[in-house]
Each structure stands twice: as structure tokens, then as C-alpha cells.
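First comes the structure, then the notes that go with it.
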Protein chains: 2
Amino acid sequence: MSETKAKGARQAAKDARKVPMRDFSQSLPMALLRAREAVMRQFRPNLRAHGLTEQQWRILRALAAVDSIEVTELARVAFLLGPSLSRILRDLEARGLIQREVDARDMRRGVLSISAKGMKLIAQVAPGSEAIYASIASHYGARKLAALQKMLAELEGSLAQFGASDEADDA
Amino acid sequence: MSETKAKGARQAAKDARKVPMRDFSQSLPMALLRAREAVMRQFRPNLRAHGLTEQQWRILRALAAVDSIEVTELARVAFLLGPSLSRILRDLEARGLIQREVDARDMRRGVLSISAKGMKLIAQVAPGSEAIYASIASHYGARKLAALQKMLAELEGSLAQFGASDEADDA
DNA sequence: CGCGAAAACTTAACATGTTAATCATCCGCC
DNA sequence: GGCGGATGATTAACATGTTAAGTTTTCGCG
């Protein structure tokens, strides 16, 4: 069996593994990724049915909650990096869902606001979205869900100080 | 002030919002995303220093834990979609970090295994990765971290049944 | 004033996520 | 033994993540 030989060669390389590594299933990033994907799988069809991606929806929601907002501040609130935001804003503006002006006092700053058309779209999407959220809370347990959110926020908080090497000396 | 007019127009559109929407900060997908990003921000520099992306690292780790594995099974274990995996495998193979054969009994199936070079790379990256993980556990609390992982797994489990419309009739 | 550094975006370039379409192979079945 | 559906994997096309570089405008300051 030529196949047994190949297997032997592979195993030889594998036997050099003296590096202990946690099992994959215990990886925290993996657990967070899987949980988030399980949640998003519930929401995506509804968004998609209205021609929206998850990120576009985040932006519209953020804009709907304020009168107007600057690009950088929106990036912070919607948790998007500048380049992604720039592209998405270009598209949303072309679709007439948002409007943009230039700050008269500082022409570097762009000021964004949602349009009436954008508000109308939100009104169409929100009910389904709320229903899905209620369903998740119901299946998982509202109390438990609140506890989970609290723990997630604490995790984020406990890691916030350490900017991972580069800005380690910010404090 | 012509600006006051624009503001008035924006507010008019906003006043049509009879759609109650949870505040952004209470969004579960957002909380998961933020937590995951906070965690990954710790790991990314170390991976990047060795020329690896997060996904490439997931693949190498998964391959290191087995003798060999098929592409579809690897996608499931590393939690990657087929197309992403295909591209990454092409690159990893070109870099000599993995090897691929074709299943003799079913020529549709590709069989993957890590190379000696790949194992060596893992040995270089793993210590730093483990140290970072220990640091996170230390700052957040090992007990709490375990509890969080359990809750995440339960969330995933409680949403697993509902395949979001399409495959709702699988059971 | 005017020069240089910093700030706010934007563009560029490459990697991945996501869905649909395509390709090759296998398998059941007539 | 060959046709048709199912399966494994890749490719295509578009959107976003991620880092670096470029552009425009401000601002400090001599």
C-alpha cells in the first residue's frame, strides 16, 4: 500500500509536535465567532430581503438615532473601520438612503444624516428584526441573555487597556 | 443661518420615527463583535509577526491536531466557508506549509495534511499565543472565562435548530 | 504670513465573508 | 453501461476587514 507510506510520512512530521496547544474547541475567539454567526444567521435573511447587509443596517440604525453625525464618530458607534465606512457611505448615498454635507467650520469633516427614504426602509425592516431578537431572548432566556451581555462588556473592558504592543504606553 | 434650515429638514424626517428600536449598545451581535475584536486585537500582532492571518492560523492548528483531513471536514472544524478555505489552502500550499493529495477512492475529495515546515511555524507561534491567552484569562478571571465560554456554547446550541427559514424542515 | 505636523477622510491593495454558479466525480437505477 | 441527480470542491462576483499610503484642510508657531 503506497498509501500507508504517505500516512507514515505525515505522522512522522506530526510526531515532532512537542508544542502543546489548547484544543480548538476551547478557543475563545472561536467561541465568540461561532456564537455571533449563530445569531447573525437568524437576522441575515430578513436584512437581505430588504437589500441590506449587516453593516449597512448598523449604519442606518446609528443614523436614525441622531440628528446628524460626523464620519469618524459614526465609525466609532457602528464599529466599522474608516475604509469600510467610506465605501458603504458612498453606496448608501447613491441609493438615496442617507445625505451628507460638509462641516462649514471644518471642511475636512463630513456630516451625515439619514434621509426620509432611509427612515422608511428602517420602518420596514425593524419589526422583523425586533421579532427575531425577541425569539432569541425567548429561546435562550431573557435573564441569561442579559447576563451574557454583561459578561461580554466586561471582557471587552478588561482588555481595553492593553492596546496590544503599539499603544501600550497610552496610559 | 442656512444651516438651521438643513437641520430642521433632517429633524422633520427623523420625527417620522414611530419605529421603536433597541439602542445600539444593546445589540447582541454588536456585543459579540466588540468582544471578539477586543480579544483578537491581542492575538493579531503575534500572528502578523509570523506572516499569518487569523484564518490561516486556524487552519494550521486544525491540521496539526490530526493526521489528515478532508477539505469539507476542515471547513467545518475551522469554521470557514468553502470559498474562503479554497483560497487559503491554495496560498498555504504554495508556501509549503501544507500538503494535499487526492483521495484514491473518491477523486472528488481532497485530503490535507500539515508539512514539517508548517509544524515548525506552529512551534514558533504557539508559545506567544498561549501566553496571550493566559494573560486574558488572568485579567478577566479564569473562572469567569470558563463560564462565558459555556454560555456562548449554550447560545449557539439554542439557536442551532432554527436554520433561519430555508432549512427549517430539516428535522 | 507661511511652513510643517496633525487630523479627517479617502483610496489602494490584498485577504476574507457570502452567495451563486460551475466543474468534476460518484452513485443509484433503469 | 449510461443517464440524471447528488456530492465535493473550486471559481466568480461583490461586500467588508485590515493595513498602508495619499489628499485635503486645520492648526500651532516661529
Side-chain angles (χ1 to χ4, degrees), chain A residues 29 33-34 36-41 43-49 51-59 69-76 78-95 100-112 163-167, chain B residues 29-30 33-34 36-41 43-49 51-59 69-76 78-95 98 100-112 163-167:
Chain A
L33 179 60
R34 297 177 65 96
R36 184 176 142 78
E37 180 53 31
V39 171
M40 283 315 301
R41 213 193 317 276
F43 287 102
R44 248 189 287 269
N46 182 41
L47 294 179
R48 188 174 172 74
L52 288 176
T53 66
E54 177 194 342
Q55 293 81 358
Q56 293 168 345
W57 176 237
R58 289 216 300 272
I59 290 174
I69 190 174
E70 292 176 13
V71 175
T72 299
E73 175 66 4
L74 177 58
R76 195 187 63 75
F79 210 67
L80 292 169
L81 294 178
S84 294
L85 186 53
S86 277
R87 284 178 302 219
I88 301 175
L89 291 179
R90 172 166 27 86
D91 296 346
L92 291 181
E93 187 179 15
R95 288 162 66 178
R100 68 199 307 172
E101 309 168 37
V102 174
D103 187 323
R105 285 175 278 314
D106 186 343
M107 294 180 61
R108 291 173 303 181
R109 299 170 190 272
V111 180
L112 307 166
S165 72
D166 288 335
E167 65 257 57
Chain B
M30 195 64 137
L33 179 60
R34 296 178 65 96
R36 184 177 141 78
E37 179 52 30
V39 172
M40 284 314 303
R41 212 192 318 275
F43 287 102
R44 248 188 287 270
N46 182 42
L47 294 179
R48 189 175 173 72
L52 288 176
T53 66
E54 177 195 341
Q55 293 82 358
Q56 293 168 346
W57 175 238
R58 288 217 299 272
I59 291 175
I69 189 174
E70 292 176 13
V71 175
T72 299
E73 175 66 3
L74 177 59
R76 195 186 63 75
F79 209 67
L80 291 169
L81 294 178
S84 294
L85 185 53
S86 277
R87 285 177 301 218
I88 301 174
L89 291 179
R90 173 165 26 87
D91 296 345
L92 291 180
E93 186 179 15
R95 288 163 66 180
I98 67 172
R100 66 200 306 172
E101 309 169 36
V102 173
D103 187 322
R105 285 176 276 316
D106 185 343
M107 293 180 58
R108 292 172 304 181
R109 299 169 189 271
V111 180
L112 308 166
S165 73
D166 287 337
E167 65 256 62

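These numbers come from a predicted model, not from an experiment. First the proteins, then the strands, lettered A, B, ... as listed; each starts at 1.
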Under 3.5 Å between N/O atoms: give me all the protein pairs with nucleotides 2-7 of chain C, atom names plus distance.
from  : atom 1 : to       : atom 2 : distance (Å)
C/dA7 : N3     : A/Arg108 : NH1    : 3.1

Close N or O pairs between protein and nucleotides 1-4 of chain D (under 3.5 Å):
none

task = Over all heavy atoms of both residues, which pair between B/Arg95 and B/Gly51 is shortest? Give the atoms and the distance, please.
result = NH2-O, 3.0 Å
key: With A/Arg44 via salt bridge (Lys or Arg N to Asp or Glu O under 4.0 Å) - residues at least two apart   = A/Glu37, A/Glu54
task = Report the distance from atom CD1 of A/Ile88 to atom CG of A/Leu80, rounding to the nearest 0.5 Å.
result = 5.0 Å
ask   = Does a nitrogen or oxygen in the side chain of A/Arg90 sit under 4.0 Å from OP1 or OP2 of D/dA15?
value = no
ask   = Atom CG of A/Leu85 and atom CG of A/Leu92: how far apart are they, to the nearest 0.5 Å?
value = 9.0 Å
Sequence-distant partners of B/Arg100, salt bridge (Lys or Arg N to Asp or Glu O under 4.0 Å), two or more places apart = B/Glu93
task = Starting from P on C/dG28, measure out to CG on B/Asp106 and report it in whole angstrom.
result = 12 Å
query = Rounded to the nearest Å, what distance is computed from the CD atom of residue A/Glu101 to the C1' atom of nucleotide C/dA8?
reply = 17 Å
inquiry  = Expressed as a whole number of angstroms, how long is the span from B/Trp57:CH2 to C/dA15:C1'?
reply    = 19 Å
request  = Please report, rounded to the nearest Å, how far the C1' atom of C/dA8 is from the CZ atom of A/Arg105.
outcome  = 16 Å
inquiry  = Can you see if the side chain of B/Ser86 gets near the phosphate of D/dT11 - specifically, an N or O under 4.0 Å from OP1 or OP2?
reply    = no
ask   = Does B/Arg58 reach the main-chain N or O of B/Ala78 with its side chain, forming a donor-acceptor pair under 3.5 Å?
value = yes
Interatomic spacing from CZ in A/Arg36 to CE in B/Met30 - rounded to 0.5 Å = 8.5 Å
remark   = Here the gap from A/Leu89 atom CG to A/Gln56 atom CD, rounded to the nearest 0.5 Å, amounts to 10.0 Å
Atom pairs, N/O to N/O, protein against nucleotides 16-20 of chain D, distance under 3.5 Å?
from   : atom 1 : to      : atom 2 : distance (Å)
D/dT16 : OP1    : A/Thr53 : OG1    : 3.0
D/dT16 : O3'    : A/Gln55 : NE2    : 2.9
D/dG17 : OP2    : A/Ser84 : OG     : 2.7
D/dG17 : N7     : A/Arg87 : NH2    : 2.8
D/dG17 : O6     : A/Arg87 : NH1    : 3.1
D/dT18 : OP1    : B/Arg44 : NH1    : 3.0
D/dT18 : OP1    : B/Arg44 : NH2    : 3.3
D/dT19 : O3'    : B/Arg48 : NH2    : 3.3

note = Taken to the nearest 0.5 Å, the spacing of A/Arg108 CZ from A/Glu70 CD works out to 10.0 Å
note = Comparing nearest nucleotides in DNA chain D, the 5'-proximal residue of the pair B/Glu70, A/Asp103 is B/Glu70
From CG (A/Leu47) to CD (A/Gln55), nearest 0.5 Å = 10.0 Å
remark   = salt bridge (Lys or Arg N to Asp or Glu O under 4.0 Å) filter on B/Arg87, not counting sequence neighbours, yields none
note = B/Met107 atom CE is separated from D/dT7 atom C1', nearest whole Å, by 15 Å
